[in-house]
Amino acid sequence: MGKILVTGAAGFIGSHTTDQLLAAGHEVLGVDNFRTGHRSNLEAALRSTCFRLEEADVSAAGVMDGLVKEFRPDAIIHLAALVSVQESIQDPDLNQRLNVTATELVAAAARAHGVGRIVFASSAAIYGDTTDLPIDEETPKQPISPYGEAKLASEGILFAAAEQSGLTARCHRYFNVFGPRQDPASPYSGVISIFARRYRDGKPVTIYGDGKQTRDFISVHDVARANVLAATRPGIVSGAANICTGRATSLLDVVRVFAAHYPAVPAPSFAEARKGDIIHSLGWPVRAKEQLGFVAEVPVESALSELIKTN
Ligand code: UD1
């Protein structure tokens, strides 16, 4: 079994990835500064003797070099990031440090100590607000936020490192990920996390626009599985792939599932569409199947039902 270093291990996607790695018998070193991650996300993982958690900032000089030198991982899954698009606009310098400098330090540490693979949390945000759907990997990269710019720059950093040192770099362009442990704290958090909290608290949700907008919502369990595959499956080569389902789900579809589970909660209210909101987003999932053998398996309806049960 392998040794895997997971940055951002206490985050939403990082904690699910850690859980699946441990379940598959791998040894995991988790790194997190708890800026947006929570120790409670790792409650189960912390009971495993194969897991160690290090509180550290990936973007600080020397941190990754020291940890990689000591742990000697077979692969690094780099998920630590500034995750809010909105925050990247408000604080571009912080975005640069957490989403670009951190990747440079991860790549440098991997090269210095002979790590074979890096799996990176990229984003559909690198495609900007294209209306040319479905989005495949050849779609022009035209990010419209510092967040999207940083994810694209990080891909470049990792592919250059792969060219220069022979390591394998896998960049996962996540679409709209949802599931347990996603933080609903800001109005710009993922819509499903916001809706889950509102329904749980007995409060009506607000739909911006007519609710017919669609997204390619993908369960965090599928996303974690894609990370595990990319880090551990033999014979994988460098590349970037969308991590999506290829299916469009509207907000009205999402609300229908919540409303059926919470009949006492008042009906949603409708408000004006958000400025800059895109109407439809949909990924083309074929490359992940070809390159990783990954196909999303969890239907949105059952992932929503699971989320509601753990709500
Ligand atoms: C994603 C980003 C967002 C970024 C945008 C453009 C996340 C969670 N969001 O938005 O920060 O600006 O890409 O790159 O990564 N909605 C409601 N009610 C709510 C909340 C949201 O109706 O309470 C709507 C939104 O207006 C939108 C849809 O739900 O139409 C989905 O919103 P969201 O989850 O933020 O995802 P994206 O729009 O894809």
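FYI, the numbering just counts along the sequence from 1. Indexing begins at 1, ligand by ligand and atom by atom, following the structure's order.
- Atoms of ligand 1 lying under 4.0 Å from any heavy atom of Ile207, numbered from 1 in the order shown and given with element: 22 (O).
- Set against the non-hydrogen atoms of Gly190, the atoms of ligand 1 under 4.0 Å away are 8 (C), 34 (O).
- Proximity of Tyr208 to ligand 1, defined as any heavy-atom pair under 4.0 Å, is shared by backbone and side chain alike.
- Contacts of Asp277 with ligand 1, taken as heavy-atom pairs under 4.0 Å, involve the side chain alone.
- Counting heavy atoms closer than 4.0 Å to ligand 1, residue Tyr147 contributes nothing at all.
- Put simply, no part of Ser145 is less than 4.0 Å from ligand 1, judged by heavy atoms.
- By heavy-atom distance, the residue among Val255, Val177, Val191 lying nearest atom 21 (C) of ligand 1 is Val191.
- Here Leu251 has side-chain heavy atoms under 4.0 Å from ligand 1, and that is the only part of it that gets that close.
- Which parts of ligand 1 touch Val85 is read off a 4.0 Å heavy-atom cut-off, strictly below it: atoms 4 (C), 11 (O), 12 (O).
- Closest protein heavy atom to atom 37 (P) of ligand 1: Arg215 NE, 3.5 Å.
- Looking at Ser84 against ligand 1, nothing comes within 4.0 Å, counting heavy atoms.
- The proximity of Asn176 to ligand 1, defined as any non-hydrogen pair under 4.0 Å, is limited to the side chain.
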